Structures are given as C-alpha cells and as structure tokens.
Amino acid sequence: MAKTSTKQKEQPENEQNTTLIGWARQSRAGGALKISLHSEAVSNCHTYTTADGTSYVPLVISMAALRRVIDGEQTVTTVSQFQQN
C-alpha cells in the first residue's frame, strides 16, 4: 500500500499569498514559545474589529511547522498574515 504524504495536506495553505510578520521559536529552556514580530510589519497589517469595537490583527502560524519547532526538528517558523485581495 502506498503512503500518502502529509505535505499534500499542507499545500493549499502554503500556496496562499502571505506577508512575513515575524518569527516563532522555542525558548532555550524549552518551556515557552517566543514570538518576535516586526513592529512596522504589524502596523501595516490589515485588522478586523469585533462587535464591541476592539481591533485585532489576524496572524497565522503553520501547525505542522510549529510542531517541527516544538519537536526540535527546525529552529524557527514564520508568523504571517494572509494577503487580502
């Protein structure tokens, strides 16, 4: 029986246009996830506002890439925002 690649499931998300906003990595002690965001990139992000008037910046981190960081398979992963059309 042929194995199916998990990369096929990640493909659609990775094909969408994104803007790099920062990086996520595991702390040296391993007990925390450290997120570094470029302040100018965040200020240029699109936002959404909830019914109570609070504004948010929607960002994304790939779950598969985050698992690889947590498992020690890679050092960092990206924090991005999907580009609006």
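Computed over heavy atoms, backbone and side chain alike; hydrogens, waters and symmetry mates excluded. The structure presented is a predicted model; accordingly, all values stated were derived computationally and were not measured.
Checking side-chain atoms of D71 against main-chain N and O of E73 turns up no donor-acceptor pair under 3.5 Å.
Between the NE2 atom in H46 and the OG atom in S55 there is a gap of 13.0 Å [rounded to 0.5 Å]. Note that CD1 of I61 is 11.5 Å distant from CD1 of I21, once rounded to the nearest 0.5 Å. Here the CZ-CG distance, from F82 to N17, works out to 10.0 Å after rounding to the nearest 0.5 Å.
Scanning both residues, C45 and L59, for their nearest heavy atoms gives SG-CD2, 4.3 Å. Contact record, Q81 with P58: NE2-O, 3.1 Å, taken as the closest heavy-atom pair. For S62 against A65, the heavy-atom pair with the smallest separation is OG-N, 3.2 Å.
L66 is listed as a side-chain neighbour of L33, based on a closest heavy-atom distance under 4.5 Å. The side-chain heavy atoms of V79 and W23, taken from C-beta on, include no pair separated by under 4.5 Å.
There is a path of hydrophobic side-chain contacts, each under 4.5 Å, that joins V42 to I35.
Counting non-hydrogen atoms of neighbouring residues, nucleotides and ligands closer than 6.0 angstrom, the CD atom of Q83 exceeds 12 such neighbours.
Partner of Q74 under the side chain to side chain contact (heavy atoms under 4.5 Å, CB included) criterion, out of V76, I70, T77: T77 alone.
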